[in-house]
Number of protein chains: 2
Amino acid sequence: MMDVALRAGVSHGTVSNFFNRPQLLSEATREKVAQAVADLAFVPNDAARTLAKGTGNTIGVVLVDIGNSFFVDIARGVESAAAESAHKLLLANSDVNAQKQDDYLELFDETRVRGIILAPLDGEQDGAARVRSHGRPVVFVNWPGEDDASCGVIVDEEHGGYLAARHLIELGRTTLLFAGGPLTLHAVADRLNGVRRAIDEAPGVALEVLETHSLTTRAGRVLGHELAIRPPARQPDGVVCAADSLAIGCIEQLVGAGIRVPEDIAVTGYDNNHYGAESAVPVTTIAQPGHEMGVIAAELLAEEVGGLPGHTHRTVILKPSLLVRKSTVASAVPAITDAPETAR
Amino acid sequence: MMDVALRAGVSHGTVSNFFNRPQLLSEATREKVAQAVADLAFVPNDAARTLAKGTGNTIGVVLVDIGNSFFVDIARGVESAAAESAHKLLLANSDVNAQKQDDYLELFDETRVRGIILAPLDGEQDGAARVRSHGRPVVFVNWPGEDDASCGVIVDEEHGGYLAARHLIELGRTTLLFAGGPLTLHAVADRLNGVRRAIDEAPGVALEVLETHSLTTRAGRVLGHELAIRPPARQPDGVVCAADSLAIGCIEQLVGAGIRVPEDIAVTGYDNNHYGAESAVPVTTIAQPGHEMGVIAAELLAEEVGGLPGHTHRTVILKPSLLVRKSTVASAVPAITDAPETAR
DNA sequence: TCACGGCATTGAATCGTTACATCGCTCAGC
DNA sequence: GCTGAGCGATGTAACGATTCAATGCCGTGA
């Protein structure tokens, strides 16, 4: 910075003002400094800035899985909102790995980010608690906030499960099967609860629960195969899958075995992943407002770092919505949505 | 750090050594310091560290589109390799936006990252050049390095186009159509060149080129519709699409119009996006070794930041491979690969 | 001519580390 | 008995910014 000051014929303090409070400088000075900055290709040292100020102006986002378009939507939402509060945004992918999640939390803590938005793995959030205890706000997405300690943005998973099951029931299906797992995942358990509520409201409708060991396409194939080899009398006529990937694998096997989807068995997915709309039988799904969740999380965080006086920690609960496609209604019109753009 | 030093009864220099050269400390001292660090929940200030050292130990990754699974594969590859060289990794998504790309490059420059891995937009890479001129190495992925200035990892796009076209020709197709665009995208142009080479090698095979305005599913639908309404005599019997999304939209329209894929028209995609395998007619595609590209890029960068004496800038060229699915061969066996896991 | 007020500018202190020269000791080797 | 190396720990000087009280400069009005 001294070099710039020398070249512009001012002191380094003035150069600092040039970057932080340009309105304090006279037009002439401002131009001299700008010229010097350009000449020297000067890039302010953020480490020094952060050290002097005590805190940086980036916010960290830790995502559990950037391979899942739901979380990418969240990231995009966060970014669009963060841009408004002039915060830069750094992403980290914990890749469904608790260790990595903690590592990144620690990294962001060390780099003194302004705040963190975390889409965590299921489990105790003590990594987040530690960061917060250092005075660094953490906002959860897809995980509830903790009373009086942090904010969160979640979707009503129970409602999503309810929507899916009710949809099948309204279509006249009477023997439903819920597939998903492990049931220890809070999202899966909540969705199942919603399914149960819908069943309870509909006398005469039966429910079978089949826990899968994961939510992958592969697990879906296993599920579909198992269903396909059952005697028809024991087959459900509606399947609620706890994830799109599961539904896709399941449908593939059913169709491959000559079972018609949706006529014989209707199947729903969950998450509205981008590929769900493009699959062999487009999957009826529960769409989560990922982008909106990201925006809200960023706003919540902005409130916290801004030290807004009236801020109270809270959890915002958003409602998911049902997206009907051919896996439950044969005549469903394909939605006119794009697959993610390939950028090449 | 002073607090820790006081509590442990040592000087702050010793605390510094505790973190950076623990082998210099005696067992007893090490334990005292460790205890003090734990008691005080001390988190080293990375800004100060970076300031004092002159450079951080993170590497920045700027990706053109994290919605595209190809780039996510790259990121994963980078991460797995970066872990080995003890570098932390920060992600940024430029979202196909030149301005954002430059902003993130600048941000990483300011935070004094150790180096940058950039999957850029098409165009002049002066943002990268600027960063590099500040002594910060930049390694390109999916973009060639610049002689004597930077490294790069690319796939042989021309070869990919060649593979796709030759595959169709070997299947006996004689009137091919190449779809993709804009042709100003280097990847699209290169792929077309490869297609041309395959055509040249096969006398009697005709090629039509149809430039699309983008590589989206929507553009694919437009393409498919246009093909579907042509008189059969003017329809190609093989279509090489420059992207999977394009192929998926195209196939959807063709099938919807009663044209059989692959019997009447065989279609290939490009990129092996995760959803391509799950689509209505699984798409034959050209697979790019994204993970491997990421690993190599990280290694190249490690060489540069490590100041390896023998390091010379170079561009590593990887070969793509053909993945045959039902959009060209009806009997193709579905690959037993997983869709991306949903992590919930 | 001079005191005055208002602003732009300056300089010193500070932030939390790292790097390195240096200290006081001990011990082996001659 | 002397020398020199090795050891673990220490203290000081950067590192590159921000902040803020103090200073200088300006035109203005008396």
Side-chain angles (χ1 to χ4, degrees), chain A residues 1-37 40-58 86 88 106-114 134-136, chain B residues 1-37 40-58 86 88 106-114 134-136:
Chain A
M1 208 157 99
M2 203 57 216
D3 297 342
V4 174
L6 252 32
R7 181 174 246 265
V10 299
S11 80
H12 70 279
T14 301
V15 178
S16 173
N17 282 336
F18 171 80
F19 283 108
N20 302 296
R21 275 108 65 196
Q23 73 284 2
L24 290 189
L25 303 199
S26 70
E27 178 70 17
T29 310
R30 207 179 307 142
E31 269 173 23
K32 276 190 305 184
V33 178
Q35 186 60 48
V37 167
L40 267 33
F42 173 74
V43 178
N45 185 324
D46 188 65
R49 182 213 301 287
T50 300
L51 179 60
K53 291 234 268 223
T55 177
N57 58 183
T58 20
K88 285 299 179 180
E106 174 103 7
L107 175 65
F108 282 139
D109 206 4
E110 288 184 14
T111 51
R112 303 296 191 257
V113 294
R114 206 62 188 278
H134 301 339
R136 197 151 284 107
Chain B
M1 210 156 94
M2 202 56 214
D3 297 342
V4 174
L6 251 34
R7 181 174 244 267
V10 299
S11 79
H12 72 282
T14 301
V15 178
S16 172
N17 283 337
F18 172 79
F19 284 107
N20 303 297
R21 278 106 69 193
Q23 73 285 2
L24 290 189
L25 303 198
S26 69
E27 179 70 15
T29 310
R30 208 179 306 142
E31 269 173 23
K32 278 189 303 182
V33 177
Q35 187 60 49
V37 166
L40 268 34
F42 173 74
V43 178
N45 185 324
D46 187 65
R49 182 214 297 305
T50 299
L51 178 60
K53 287 233 270 224
T55 178
N57 58 183
T58 10
K88 286 298 178 178
E106 174 104 6
L107 174 64
F108 283 138
D109 206 4
E110 289 184 14
T111 51
R112 303 298 190 256
V113 294
R114 205 63 188 279
H134 302 340
R136 196 153 283 107

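Since the model is a prediction, treat every value here as computed from it, not as a measurement.
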So which protein nitrogen or oxygen atoms get under 3.5 Å of nucleotides 7-10 of chain C's nitrogens or oxygens?
{"from": "dA8(C)", "atom 1": "O5'", "to": "L24(A)", "atom 2": "O", "distance (Å)": "3.3"}
{"from": "dT9(C)", "atom 1": "OP1", "to": "T29(A)", "atom 2": "OG1", "distance (Å)": "2.2"}
{"from": "dT10(C)", "atom 1": "OP2", "to": "S11(A)", "atom 2": "N", "distance (Å)": "2.6"}
{"from": "dT10(C)", "atom 1": "OP2", "to": "S11(A)", "atom 2": "OG", "distance (Å)": "3.3"}
{"from": "dT10(C)", "atom 1": "OP2", "to": "T14(A)", "atom 2": "OG1", "distance (Å)": "3.1"}

Please list each protein N or O that sits under 3.5 Å from an N or O in nucleotides 23-27 of chain D, with the distance.
none

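Scanning for side chain to side chain donor-acceptor pair (under 3.5 Å) contacts around E27(A) gives R30(A), with sequence neighbours left out. K32(A) meets the salt bridge (charged side-chain N to carboxylate O under 4.0 Å, His left out) test with no other residue; sequence neighbours excluded. In terms of the side chain to side chain contact (heavy atoms under 4.5 Å, CB included) criterion, residue partners of E106(B) (sequence neighbours excluded) are, by chain and number, E110(B), R130(B). For R112(A), the side chain to side chain contact (heavy atoms under 4.5 Å, CB included) partners are T50(A), R136(A), V43(B), N45(B), not counting sequence neighbours. Take E31(A) and apply the side chain to side chain donor-acceptor pair (under 3.5 Å) test, not counting sequence neighbours, and it matches no residue. Looking at residues two or more places apart in sequence or on another chain, you find a side chain to side chain contact (heavy atoms under 4.5 Å, CB included) between S16(A) and M1(A), N20(A). Applying the side chain to side chain donor-acceptor pair (under 3.5 Å) test to T55(B) and every residue at least two apart in sequence or in another chain returns nothing. In this view, D3(B) satisfies the side chain to side chain donor-acceptor pair (under 3.5 Å) rule with no residue, not counting sequence neighbours.
Summarising the geometry, the separation between CE on M2(B) and P on dT14(C) is reported as 15 Å, rounded to the nearest angstrom. Rounded to an integer number of Å, the gap from E27(B) CD to dC7(D) P is 16 Å. R112(B) has its CZ atom 18 Å from the P atom of dT18(C), to the nearest Å. Across the protein-nucleic acid pair, L6(A) atom CG and dG16(D) atom C1' stand 15 Å apart, rounded to whole Å. Per the geometry, CE belonging to M1(B) stands 12 Å off P belonging to dT10(D), to the nearest Å. Atom P of nucleotide dG16(D) and atom CG of L51(A) are separated by 12 Å, given to the nearest angstrom. When rounded to the nearest whole Å, the span between CG of N57(A) and P of dT18(D) equals 11 Å.
Taking the nucleotide of DNA chain D with the nearest heavy atom to each of N20(A) and G54(B), the more 5' of the two is matched to G54(B).
Near DNA chain D, meaning a heavy atom under 4.0 Å away, there are no residues from residues 40-48 of chain B.
Heavy atoms of R21(A) sit under 4.0 angstrom from primed sugar atoms or phosphate atoms, though from no base atom.
Within the structure, no pair that satisfies the salt bridge (charged side-chain N to carboxylate O under 4.0 Å, His left out) test touches residues 17-26 of chain A, not counting sequence neighbours.
Closest approach of A8(B) to A36(B), counting heavy atoms only: CB-CB, 3.9 Å.
Between the side chain of T14(B) and the backbone N or O of V10(B) there is no donor-acceptor pair closer than 3.5 Å.
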